[in-house]
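The structure appears below as structure tokens.
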Amino acid sequence: MKIDVTRRDLLKFAGGAAAGVMLTPAPWKAIDDLAIWTQNWSWIPVPPKGPVTKRATVCSLCPAGCPVEARCVGGLPVSLRRLGAADAGALCTLGLTGHHLAYHPARLTAPARILHGSEGSRRVPVPLDTVMGAIVREIGAAGVDRRVAVLDMRPGRSVSWAWRRLLDSIPGGVLIPSPAREGSSLNALEAMKGSGSYGIDPGNARTILSFGAPLAEGWGAPESTYRLLGGAQRDLRLIQVEPLLSRTAQAADLWLPARPGTETALALGLGHLLLRGQAGAGAGAADLEAYSALTERFTPEAVAALTGVPAALLVHAARKLIENGPSLVIAGDDAGTGRLGRVCETAIMGLNLLLGDAGRSGGVVARAALPAPFETGSLAPEVELDRIDDRSIGLLLIDASEGDLPMPWRVMQRKLAEKAVIVAISPYLAGTTERADYVIPSAAYLETIHEMPTPFDSPVASIRLSAPLIEPRVAAVDAGEFVRRIAAAAQIDLPEEWESSEWLMKARVSRIHESGVGNVTTPADGAVQNVSELSSADGLWDALLAGGHWQSEREEPAASPYLLLGGIAESRWLAATSDRAAQLTAVFHVPRDVSASAAVSPVVTKIYQESGLREAERVAVNPVTAQALGLKRGSRAKLVTAAAEMGVSLVTDDAVMPGVIDVQPGPTATALGVKRKGEQHGLFDLFAADEEGAWRSMNATLVEV
Amino acid sequence: MDKPLILRGVSRCSTRNFAAWLFPWVVLLAVGLFAIGLCLIAGLNQTNMDNRFAFGLWIFLDLAVIALGAGAFFTGFLLYILRRDELRAVINSAVVLGFICYSGAVLILMVDVGQPLRAWFTFWHPNPHSMLAEVTFCITVYLTVLAIEYVPILLKNRQLRKVPSFLAFEFQLHKVMPVFAAVGAFLSFFHQGSLGGLYGVLQGRPFAFREGFAIWPSTFFLFILSAIATGPAFVLLTTWMVSVLTRKRLVEKRVLSLLAKISGWLLIVYVGLKSIDTLVWLNHTAISTGTYPIRFFAWQPFDVWVLVAEIVLLGLVPALIFLSPSRRQSTAWLVTGSVLACGGVVLNRLVMTIQTLAVPTLKFEPFLMYWPNWQEVAAFVGVVAYGVILYSLSFRYLTLFPQERDLQQR
Amino acid sequence: MKRTEPKSRYGMVIDLDRCNGCGACSAACAVENNIPPAQPGVNERTGLTSMRVYRASNGRAFPDHRTVYFPVSCQHCGEKTPCVSVCPQNAVDVNPTNGVVSQVPARCLGCRYCMAACPVRARYFNWFDPEWPEGMDRTLNPDVSVRMRGVAEKCNFCHGRWQAAQAKAAAEGRREIDFADYVPACVEACPAQAIVFGDLNDAESEVAKQASGSTAFRLLERLGLDPKVYYRSERAWVRRLGDTDFAMNERQAARG
Amino acid sequence: MVKLRGFAPFAVGVIVALVGGWVAYPRVLYRQIEQPAQFSHKVHVGEAVGLSCEDCHFLEADGRFSGIPPLENCAGCHSEVIGETAAEKQLVEEYVSKGREIPWLVYSRQPENARFAHAPHVKLAGIACERCHGPHGESHVLRPLERNRLSTYSRDVEGFRLARLRIDEHEKGMKMDVCSDCHRERGVEQSCLTCHK
């Protein structure tokens, strides 16, 4: 029999199938599985699996060198926290997210040539020999008028000595410690004392007078931040000189909003009061008469007129310094706030000497130098940038430039000769490295052993080693080895036989062991062990690699004559204190805890663009100032300084002193790993150093566009 | 060309003109679907909504559309339960409108949620305390009811009537229609209320929070009232628009004025209660949470005028128009009244959704404003286009206005 | 959602006189909870952070101007928790043992009703798919799942650490966790130790002591939601900023 | 008769659908994946070797459960081939000698959003492994893992039996409802974050 299938039959069949399938798990399970699928999308990153371990190391992102405990999964770090007692403070945002940096999008993977064009720069990979060729060529052409200089962003490391050995055999070779490093004003002290190495002892100070140092924002060791904010336990009094109510000024006991550029006058004014306020102040000064003669005219009233700080406040501040000692005066010279210049720094350091000669616990102290990695034979000189002639550097090698505190490039630029060649060694193509002609990849934080020599705010010599936790993700070049290769290429023979930075560090550690001085503290349990008890240098090395902290004993107070005026000519003093009455002054202020590294974790967007807690590129004025200029919040304006001019969008903030433009370059787009095209100059470039090497403030104008 | 599909005795424009009329709407629908696709594939970052304006244009319009769609159930309620037989003249149109409004709203909701494929969790793991769960349940069930109510209208089509079993089926359906009307009415009263409750229960939003009776805040009842008050007005308005567009008399005047009268009485009650509620809120509810209610209106564009406009201009005025028998005779007044009334309910939904989120709660957070972007607008316009197309087809091939034929033959 | 009074109530006290807005809590939170960095074009309105630090001020002019920073995370309301009661499908609940208000991304359908309901706007929506720079997903925390696009999320007191502490306790045969094993990331990361965390029901605990102090207050207390996150400040004007009335001047309104 | 004729297509439809839904669909839904290596629990816990379960699966001090033993456990004995099975030969050649960890496919792997801590279940509640894992401990061969193509779950987690009637505890699988049922029975105060992460 034949069955003729009509359309109606098919419809019935379909109906039956529809009814039937409802009686099976298929449709229901499909709906369920589909929902579950949305919970397990293949493109959502899955965290690593593996055994969980805790490993100790040291943070190498800023000179403070915090002890760190890394929580590792499958051997790789997934989170970091500061080891040790709570009252020692905690990691800053930069340190907390440090384990991200090895994976930063701006990582350099190979040596490259950077071609700087009108709209942005281009990166072309080149073999290392090409870079070496350029270096050797410049070394050949070197002389006193066309120097070969190494800009050392992290001076004091063993490899710095290797550089100086190399440079010693090159005419005009010189090592320049980063002018943007913290504590750079301490060498003003050396000029005043004639010789010796000095440190400060904030840990034991009860009162600190700070000229803009972001003490509560990650300046130096986190202890100071904790001591300032630590509520009930608060045992530190702070007098902050700053033209805006910064997060530190906020935490200060006394806030002296002085007009930018008048810090020298303010310091001399306080000198005036200290000389008269306490018996025997400045007794050890060879130029006491000259000093008192100079400070004579800086009466509280005169200074008040000049700086805008009420006379009564000045007197009050001076009294606090005398009464609530030990007191320490610091210049706040880190890049976060910009340098104040030699004259001003001398005036500020002079206050410390007026409060008591070096060697005062809680004040300025004589500090043993960290042993060099090898017997100091002849070394190239270490010269401050402001002592270098303008347009005299033909070849600039930038070492450890990942650790560059944000230095306005124009500060360096004025020292560069025609067609100067710049080579940077850095893990990232970000920050200062972007200015280089050639870049060479180096290992990032946690990828290799980083040496952490004496921090500027330590009263004793100290060293820490940052132990690696991650396999290097790129073919990194080691600075120590690189020096050796340059020497080979330029036929310079070096006395020592090092082949790597690690060799140099080991050499230094063994010399520390020989000296037998000091002790090693293990941050995990706080156990202290004298170096003399350690059988071998390797023992010390291992202790350091395990997160140990070596410190020397305190030096004996060295009372010796000094020059309160640092031997600086009176004309310069008068120039520095003259009333440069400017309508508007732009001040430089970088949030310290995200600016210590050229590259920062992308997660930092949480406190910038994602929360508005801080503006990434902030240009703020007091509403009063804005009104006077006929500008409104958010209005576009052109900010002009002697160095540069650029369009900005204005923010009004009552925390800013009237007449002041608060310029805060946050983490730049490149620092966050965001590719930004054609961005040749940023807010930094509005600032340039004057002949005294100061770049904290610039006279500026602001016009609506 | 499509003659055989069109009911005998009524005149319809040529197929070409009809196509010409549909074309722009089809284009808009296409654009809308594209925008929807973007949101589904790339995610809701395609919209202008943000963490503050978690609800944006879509939720606002969903609420508005559902309020206007109330015409469907309320007309059904009046016709089948309260036996106002005059309304048989518009019931079909009302049902189709209701179906369009609700299906459109549900469609947009599916785009609005971040994980549409998980939407059914609400049925599987419901949270009885959530007004949104109530809404979801009622709306889905009611949408099914509307679909069922749609069927007999569909089966009235000239061709479909030829199938005997369909005819029988339709006859059966008609007998049970009152049951569905009743169910629909109940569900609708409930979810219109829940939609109001949605905001009234927000303890954390002093601007929206209202006290009430039992588990229901006052907004629960106000939403029901405002919906059923404007529902008839919307039916009136659409009927008028259709007759203008098609240049036909579709219903007798008295039907429209009846709708207006009903709307009017309900509006006046609504305005009264709304005013009382507002006063209680300003002088008690808000104060008790320590807020200065007047601050709610301190930011443009949500000035005090919003309150005035909502209650007086778009509430009281249309009510008075509808309640004056003389004005009810003039189409112009009827239309003006309906426009105002519908505008009122829309403004109310805007205030509840957008202003609630715009005003700050914490002292240190700013007042924020929000504007939809093209994706949001396009998606919604697309849904409107879908509605217009569906209505046009229904009007052309089905019998939305039973009186049309007689009125034409007179 | 049956509400039985939990035997312990986890909560925290944030000392606003110690906080200086460094944002370490936000960063630590993002690291602990696998919160992805911002996509290009994301701003403070579309951002994703479970611990947002707000900047507020006394509204006075220079030099009397003073700023205060409010770290605001989920306040873990105790009474008629707004987000819990509104969620249509129980993606939010209150832990009966410790009162922590949880948010489960796997259950969430992304209707965002909870966000509209939250008085402090501590709930955030995943507008984007989560993305990390190539290789950085190697640093994700295995104890917290990565949220997909289209769901809401918020602080739940680092439940990953809580679960770890629970497991540790169980392994040692204990049913009660040891607070030494359970410290939320923001508390651990604060350089000023401004945040104290613990069980508010334990009268002996530091957190309970501080929470009952005369200078302690809570955000929008008069809404009657009984949050478990407390703030404290010696400064009266700071305490007033936590209140419900909108005594807000335009300049503050302008601030983000 | 005519009636039946009219009904037949419908009936056929129903039957086809039933067969498709109950038999064909599961076969299509699950993908069979072979384990990277073979292992016999029977042999290793038997007299011949005499290992105990805890030698490979144990709680760590921090409460984490080390479920899948690392390669070195195997390498301890199988540094080079000591038996004559192909499986062992493969183990030594492909993994031990190369020092490559074995990428085992975990039958009971929970999804990313769930966190199952063995400690409270084993230590505090004293639940036997078999309750969830079934007689896996006596298995002689490692069957292929069946992965749901849509949900990506292992079939062990979803449960093998589609009809949920009269099935043993371990056959229920390890999906959420199974966990919460047991928690409810034992009166465990639970919230989402008890198990979700």
Side-chain angles (χ1 to χ4, degrees), chain A residues 38-39 41 43-49 73 76-79 81 86 89-93 96-97 99-100 103-105 216-218 222 225-226 229-231 245 247 250-251 255 257 473 593 601-607 609-614 622-624 633 654-658 673-674, chain C residues 15 17-24 26-32 34-35 37-38 40 42-44 47-49 52-55 57 60-63 65-67 69 106 129-142 144-146 148 185 188-194 251 254 256:
Chain A
T38 66
Q39 300 169 351
W41 277 335
W43 59 87
I44 305 297
V46 176
K49 304 246 180 314
V73 173
L76 292 171
V78 298
S79 70
R81 66 177 198 86
L91 292 179
C92 61
T93 45
L96 270 171
T97 55
H99 58 303
H100 290 162
Y103 310 91
H104 198 279
E217 297 161 64
T225 302
Y226 181 78
L229 303 172
L245 188 75
R247 295 193 285 123
Q250 192 75 236
W255 174 38
R473 304 186 70 245
D593 49 10
S601 161
V603 163
V604 168
T605 53
K606 300 297 164 209
I607 55 180
Q609 76 197 78
E610 284 185 272
S611 70
L613 174 58
R614 297 191 215 148
N622 188 291
V624 179
R633 177 192 175 81
D654 284 285
V656 183
M657 186 179 186
V674 184
Chain C
D15 187 335
D17 297 342
R18 288 192 182 201
C19 173
N20 82 328
C22 72
S26 292
C29 174
V31 170
E32 170 71 20
N34 298 335
I35 303 175
V42 163
N43 59 23
E44 59 188 86
L48 195 58
T49 160
R52 178 172 176 177
V53 185
Y54 287 85
R55 184 175 40 177
S57 85
R60 300 179 59 187
F62 181 93
H65 185 79
R66 291 294 178 273
T67 318
Y69 296 92
D129 275 319
E131 265 184 60
W132 279 266
E134 202 260 313
M136 208 180 279
D137 51 1
R138 193 59 198 73
T139 65
L140 296 180
N141 175 8
V144 179
S145 70
V146 178
M148 67 293 298
E188 180 182 87
C190 180
Q193 303 273 301
R251 202 178 290 121

Among A:Ile44, A:Asn622, A:Ile607, which has the most heavy-atom pairs under 4.5 Å with chain C? A:Ile44
Picking from A:Arg473, A:Arg81, A:Arg247, A:Gln39, which has the most non-hydrogen pairs under 4.5 angstrom with chain C? A:Arg247
What residue, out of [options], has the most heavy-atom pairs lying under 4.5 Å from chain A?
options: C:Ala185, C:Ala189, C:Ala38, C:Pro63; answer: C:Ala38
options: C:Gly47, C:Cys19, C:Gly21; answer: C:Gly21
options: C:Ala194, C:Pro142, C:Cys190; answer: C:Pro142
options: C:Val42, C:Thr49, C:Ile35; answer: C:Val42

Please give me the minimum heavy-atom distance between [X] and [Y], naming the atom from each residue.
X: C:Pro191; Y: A:Ala90; answer: CA-CB, 3.8 Å
X: A:His100; Y: C:Thr139; answer: CD2-OG1, 3.3 Å
X: A:Val656; Y: C:Phe62; answer: O-CD1, 3.7 Å
X: A:Pro48; Y: C:Leu140; answer: CD-O, 3.4 Å
X: A:Asp654; Y: C:Ala61; answer: OD1-CA, 3.6 Å
X: C:Val146; Y: A:Pro45; answer: CG2-O, 3.5 Å

Could you give me the CA-CA distance, side-chain angles and deciding distance for C:Val31 and A:His99, then say whether side-chain contact (heavy atoms from CB on, under 4.5 Å) is met? CA-CA 10 Å; C:Val31 170; A:His99 58 303; 3.8 Å; yes
Atom pair CG/CD of A:Leu91 and C:Glu188 - distance to nearest 0.5 Å: 9.0 Å
Measuring from atom OG of C:Ser26 to atom CG of A:Leu96, what distance do you get when rounded to the nearest 0.5 angstrom? 11.0 Å
Among residues at least two apart in sequence or on other chains, which ones pass side chain to side chain donor-acceptor pair (under 3.5 Å) with A:Glu610? A:Thr605, A:Lys606
Contact origin within A:Ala251 toward chain C - heavy atom pairs under 4.5 Å: neither
Between C:Asn34 and A:Pro47, is there a side-chain heavy-atom distance shorter than 4.5 Å? yes
Using residues 129-138 of chain C as the side-chain source, report each donor-acceptor pair under 3.5 Å to any protein atom, sequence neighbours left out, with the distance given to one decimal.
from	atom 1	to	atom 2	distance (Å)
C:Asp129	OD1	A:Trp43	NE1	3.3
C:Asp129	OD2	A:Trp43	NE1	3.2
C:Arg138	NH2	A:Val73	O	2.9

Can you list the steps and then say if C:Thr67 with A:Leu245 is a side-chain contact (heavy atoms from CB on, under 4.5 Å)? CA-CA 8 Å; C:Thr67 318; A:Leu245 188 75; 4.1 Å; yes
Using only atom types and a distance under 3.5 Å, with no angle test, would you say the side chain of C:Asn20 pairs donor to acceptor with the backbone of A:Leu229? no
